[in-house]
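Right, one structure below, let's go through it.
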Amino acid sequence: MEPQNPASTPERADSNRYNPSEIEQKWQAEWEAKGQNHADDNDPRPRFYNLVMFPYPSGDLHIGHWYNFTGVDVYGRYQRMNGYNVMQPLGFDAFGLPAENAAIKRGVQARKWTLSNIENMRRQLKTMGGIWDWDREVVSCLPDYYKWTEWLFLKLYEAGLAYRAKAPVNWCPNDQTVLANEQVLSDGTCERCGAVVEKRDLEQWFFKITAYADRLLEYNGLEWPEKTMTMQKNWIGRSEGARVIFNINAPDGETIPVPVFTTRPDTLYGVTFFLLAPEHPLLDRLTTPENRAAMTEYQAKARAESEIERQSTDKTKTGVFTGSYAVNPINGEQVPIWVTDYVLMGYGTGAVMGVPAHDQRDFEFARTMNLPVKLVYQPDGREINADEMTEALVHEGSVVNSGPFNGLPDSKETIQKFIAFLEEKGVGKAEVTYRLRDWLISRQRYWGSPIPMVYCDTDGIVPVPEDQLPVILPENVNFRPDGLSPLKYEPDFINTTCPKCGGPARRETDTLDTFMCSSWYFLRYCDPHNAEAAFDKAKVNHWMPVDQYTGGPEHATLHLLYARFFTKALYDLGLLDFEEPFRRLFHQGMIRSEGKKMSKSRGKTVAPDALVEQFGADAVRSFLMFLGPFDQGAEWNDKTEQLLIGVSRFLNRVWNLVQAGFNAPAGEFVTTPEIEKEIRRTTHKTIKRVEDDLGHWAFNTALSGLMEFSNTLGEIASREPGIYGNPAWKEAIETLLLLLAPLSPHITEELWHQMGHDDTIHVQRLPAYDPSLAVDEVTTVIIQINGKVRDKLEIPVGLDEDAVKAAVLASPKVAQAVGDGHPKKVIYVPGKLINVVV
RNA sequence: GCGGGAGUGGUGGAAUGGCAGACACGGCAGACUUAAAAUCUGCUGGCCGCAAGGUCGUGAGGGUUCGAGUCCCUCCUUCCGCACCA
């Protein structure tokens with residue numbers, strides 16, 4: 001038997017074997033020499049800014065990075081082949097603790113350690129053949145970058161958006177630094193290292209992100225995952241309500257007005273007690289001598305409890321009576337003041353009015369402490385009794401026991417009426433409260449951007465003048481065993497002169513949160529070498545906002561929130577013409593190892609280098625995309641790697657399919673219009689499928705579509721050996737290469753050239769889908785009897801319904817099932833299925 | 001506790017309410033080979049059957065429909081987020 005697959009034809013020269021590493025190196029060098037991945041600012045094509053989140057240079061590129069970057073690169077290449085001028089930069093988020101820890105542990109310089117990691121990662125990254133625009137690379141720990149980080153800090157300071165204040169802050173005892181609220185997980189642990197975070201009262205630098213709370217709740221024109229927007233909205237936590245002043249009669253005889261925040265001023269007549277947080281500063285004054293001991297004990301207990309214990313919702317309510325009373329401003333009633341740990345000092349005013357009938361927490365508190373419950377709403381159509389209630393009545397019924405307000409429905413309007421009344425009496429006003437706190441940006445660490453501020457005994461806090469930037473971070477520093485920042489012991493760094501008075505002054509030794517570096521890096525990519533400014537406004541306005549941003553969902557309330565705030569602040573400063581940095585956002589899935597994210601800090605990473613060496617970058621890229629939907633990620637285990645074989649075989653088949661065309665003997669082009677049509681049909685069906693899939697990040701099904709296509713072509717070639725000279729065949733092979741090019745850029749470039757093209761495949765336009773060429777001539781109709789598949793029938797496309805029904809009813813199986821009578825019902829789905837109900 | 005996603009062969013996964021398991025991996029058999037590798041061909045969800053075929057089958061149980069992996073209800077498992085925010 002003659003070999004059916006042309007690949008095994010003995011004539012095929014061995015030199016024409018698919019040799020990935022050879023062609024990959026060749027083309028990578030060629031692309032780099034031509035600079036064809038550099039996006040020109042003045043290119044006439046429409047721009048497409050394809051951005052991947054700034055990686056941290058942890059040392060080597062593991063398979064998780066490859067997965068992430070490959071998906072982004074496939075998408076960028078796809079858009080470039082759609083005719084866009086794609087800008088796809090990459091850089092390194094190079095400040096941060098791991099470098100400092102390496103310096104402490106192993107005595108290497110943080111800068112050296114970081115830069116050598118970057119060098120290694122850059123080298124590894126280049127092997128994947130991405131269209132990274134290396135001319136635009138930014139490295140955040142280098143002075144030409146952090147100079148502008150400092151400068152932007154000064155701009156925000158001038159705008160009143162940066163300030164220094166003493167506040168209760170999060171302290172990570174392991175990392176020896178304060179953290180922003182966003183860097184503390186909901187279980188009270190450090191987002192970086194997992195240590196339990198403590199509260200400390202410290203003077204720190206903040207950005208006034210709360211001033212942008214309302215604007216951060218708008219997502220005009222953004223195509224973001226709903227979930228991410230919801231997470232941000234919840235984090236910002238806007239609530240509308242009222243501030244109501246209660247007068248407190250202190251034991252010392254004075255009357256102290258104490259405000260509370262409530263979303264339910266319409267339940268004011270139902271207040272039966274008043275609550276303060278254990279940390280509330282007034283407690284000392286309000287506690288009467290007979291309650292003092294219990295109070296001191298309670299406060300101590302609350303302090304000792306971790307945030308997790310304290311905020312647990314299912315523990316029973318606790319509290320202590322102060323002995324003092326507050327006056328309800330709406331009816332003059334005196335209510336007892338209690339302390340409880342479910343009132344938080346950090347939210348609202350740290351004081352709450354207790355309405356047990358209509359708030360579940362207050363209800364539980366009242367039942368535990370035997371405090372009265374007073375209904376000020378009754379459900380419509382029935383009456384409930386406060387003594388028999390088992391839970392609070394929330395948002396139901398009409399107002400009762402509330403003087404002039406009785407009979408009003410539970411509604412926004414009713415709340416407005418109460419607020420109007422409070423305002424009239426001067427005891428309250430409408431107010432909006434947020435959960436969001438200001439962004440704490442100073443860190444007691446060495447390896448970060450210096451904060452360009454000095455402290456002068458005469459002039460206080462003084463910003464470093466712009467022309468003295470950057471404040472250079474010293475490189476040869478001595479780490480101390482106490483874990484404190486070495487900058488504190490660096491006299492050459494600390495001692496300076498005051499820019500105002502010229503007298504002796506001290507530099508700020510805290511450094512900036514690295515999230516500040518990543519809050520503007522996407523702007524610097526637009527103008528990376530600018531020595532005169534952070535960026536040129538026109539260039540940034542040309543490229544921004546980012547058309548497609550891709551990164552993990554874990555940054556929803558961290559980087560993604562900060563970057564939006566930063567962009568809005570810079571917009572207000574007139575530095576930008578747009579308010580939102582990232583128009584479209586996509587979260588790729590992650591490669592997991594034993595259920596956890598693969599990352600160096602968690603150990604257990606898989607290096608791709610050996611795989612790339614053995615199978616080639618094209619195979620590794622395509623294999624990673626073949627694992628499943630890109631937003632789903634994959635579990636990495638011993639079996640995962642086996643799937644690489646299949647993709648590698650596929651690339652070999654593609655290679656051999658193209659070689660077969662060159663090796664075909666000339667002059668035997670026997671084809672028929674039917675075969676030509678068949679080839680064009682499968683070609684155009686594939687174009688439709690694969691291009692749709694690529695545009696929707698469905699790279700796994702795009703590849704299976706291409707595999708089917710190449711299998712079909714191989715099958716046709718073995719059936720019709722004279723097909724190779726046919727134009728339809730050539731079109732099919734070129735289509736295969738073009739559609740595969742984003743996923744496997746090297747092999748397709750090589751074969752494209754072998755086919756006689758002089759220019760690169762990667763800036764060709766993707767083939768256009770022609771529906772008229774994709775239509776089938778015959779189609780298979782599934783025949784069901786009572787919903788079960790019983791037979792199939794080939795019919796010409798477009799055959800009318802009656803003819804199909806007649807043919808089906810005449811078929812022996814159906815005739816047998818129907819018997820003598822008539823079918824009860826016949827359902828016909830045109831061209832697809834017919835269901836005969838008997 | 002609340003909100004969202006997911007649960008399909010031995011494995012990764014595919015399926016606008018219309019042939020479940022595409023495409024691959026692995027396995028079995030065969031071709032080529034002195035042999036192996038590579039490559040190619042065929043088969044490969046379970047059960048019954050020599051076969052034709054039948055029958056069961058998408059986490060569990062109900063429902064809607066001529067027809068459900070897909071829609072609805074209840075529940076289980078798992079991942080993610082939130083969790084006393086007044």
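Chain identifiers are assigned alphabetically (A, B, ...) following the order of the sequence lines, protein sequences preceding nucleic acid strands; residue numbering begins at 1 within each chain.
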*Do the ring centers of A:Phe273 and A:Phe365 come within less than 6.0 Å of each other?*
yes
_Sugar-phosphate only, base, or nothing, as touched by A:Thr340 at under 4.0 Å among non-hydrogen atoms_ = nothing
*Just checking A:Asn711: base, sugar-phosphate only, or nothing, at a heavy-atom cut-off of under 4.0 Å?*
sugar-phosphate
*Can you check whether A:Leu644's main-chain N or O pairs, donor with acceptor, with A:Ser648's side chain at less than 3.5 Å?*
no
*asked:* Distance check needed: B:rA38 P versus A:Arg653 CZ, whole Å only.
replied: 14 Å
*Measure from the ring center of A:Phe246 to the ring center of A:Phe274 and say whether it is less than 6.0 Å.*
yes
_Check against ring-ring contact (aromatic ring centres under 6.0 Å, His included), A:Tyr67 and A:Phe630_ = CA-CA 9 Å; A:Tyr67 181 78; A:Phe630 189 50; 5.2 Å; yes
*Distance below 4.0 Å between A:Arg592 side-chain N/O and B:rC80 OP1 or OP2*: no
*Looking at A:Lys685 and A:Asp776, does any basic side-chain N land under 4.0 Å from a carboxylate oxygen?*
yes
*What is the distance from CZ of A:Arg243 to C1' of B:rA86, rounded to the nearest Å?*
13 Å
*asked:* Under 3.5 Å, is there a donor on one side chain and an acceptor on the other for A:Thr683 and A:Thr735?
replied: no
*Describe the nucleic acid contact of A:Val343 in one word from base, sugar-phosphate, nothing, applying a heavy-atom distance below 4.0 Å.*
base
*Is any NZ, NE, NH1 or NH2 atom of the basic residue among A:Glu708 and A:Arg689 found under 4.0 Å from an Asp or Glu carboxylate oxygen of the other?*
yes
*Using a cut-off of 4.0 Å between protein heavy atoms and nucleotide atoms, how would you tag nucleotides 63-68 of chain B 5' to 3' with B, S and -?*
---B--
*Can you tell me if A:Asp438 uses its side chain to pair, donor with acceptor, with the backbone of A:Ile209 under 3.5 Å?*
yes
*Can you tell me which stems RNA chain B forms when a stem means 3 or more consecutive Watson-Crick or G-U pairs under 3.5 Å?*
B:1-7 with B:76-82, B:10-12 with B:23-25, B:26-31 with B:39-44, B:45-48 with B:53-56, B:59-63 with B:71-75
*Would you say B:rA86 has OP1 or OP2 under 4.0 Å from some side-chain N or O of A:Arg264?*
no
_Upstream residue (5' side of RNA chain B) when A:Ile782 and A:Asn700 are each assigned their closest nucleotide_ = A:Asn700
*To the nearest Å, give me how far apart CG (A:Leu703) and C1' (B:rG12) are.*
13 Å
*asked:* Using modelled atom types and a 3.5 Å cut-off, is there a donor and acceptor pairing between side-chain atoms of A:His358 and backbone atoms of A:Leu393?
replied: yes
*Indicate, with a heavy-atom threshold strictly under 4.0 Å, whether A:Phe626 touches base, sugar-phosphate, or nothing.*
base
*Could you give the distance separating B:rA68 and B:rG12 at their P atoms, to the nearest angstrom?*
27 Å
*P atom, B:rG3 versus B:rU74: distance in rounded Å?*
11 Å
*Contact class for A:Lys824 vs. all strands (heavy atom < 4.0 Å): base, sugar-phosphate, or nothing?*
nothing
*Is the glycosidic torsion of B:rG9 within 90° of 0, making it syn, or is it anti?*
syn
*asked:* I want to check one thing: is the phosphate of B:rA86, taken as OP1 and OP2, less than 4.0 Å away from some side-chain N or O of A:Ser239?
replied: yes
*asked:* If you compare every side-chain N and O of A:Lys233 against the phosphate oxygens of B:rC85 (OP1, OP2), does one of them come in below 4.0 Å?
replied: no
_If the cut-off is 4.0 Å, is A:Arg17 near the phosphate of B:rA38, judged by side-chain N/O to OP1 or OP2?_
no
*Look at all strands and tell whether A:Arg238 reaches a base, only sugar-phosphate, or nothing, counting heavy atoms closer than 4.0 Å.*
nothing
*To the nearest Å, how far apart are A:Leu793 CG and B:rC19 P?*
16 Å
*Quick one: A:Leu644 CG to B:rG13 P, roughly how many Å, whole number?*
16 Å
*For the pair A:Arg264 and A:Asp410, find out whether any cationic side-chain nitrogen is under 4.0 Å from an anionic carboxylate oxygen.*
yes
*How close or far is atom C1' of B:rA14 from atom CZ of A:Arg689, stated in whole angstroms?*
9 Å
*What interatomic distance, in whole Å, is found between P of B:rU8 and the corresponding atom of B:rU78?*
14 Å
*Using a cut-off of 4.0 Å on non-hydrogen atoms, how would the nucleic acid contact of A:Pro553 be classed: base, sugar-phosphate, or nothing?*
nothing
*Rounded distance in Å between the C1' positions of B:rU65 and B:rG10*: 35 Å
*How long is the line joining CE of A:Met231 and P of B:rC85, in whole Å?*
19 Å
_It should be established whether A:Gln360 places a side-chain nitrogen or oxygen under 4.0 Å from OP1 or OP2 of nucleotide B:rG1._
no
*P spacing across the pair B:rG57 / B:rA52, given as an integer number of angstrom*: 22 Å
*Spacing of the P atoms in B:rG53 and B:rU44 (rounded, Å)*: 13 Å
*asked:* Between P on B:rA14 and NE2 on A:His696, what's the gap in Å once rounded to a whole number?
replied: 15 Å
*Compute both the distance and the angle, then confirm whether A:Arg17 meets the cation-pi test with A:Trp655: under 6.0 Å from the six-membered ring centre, within 45 degrees of the axis.*
no
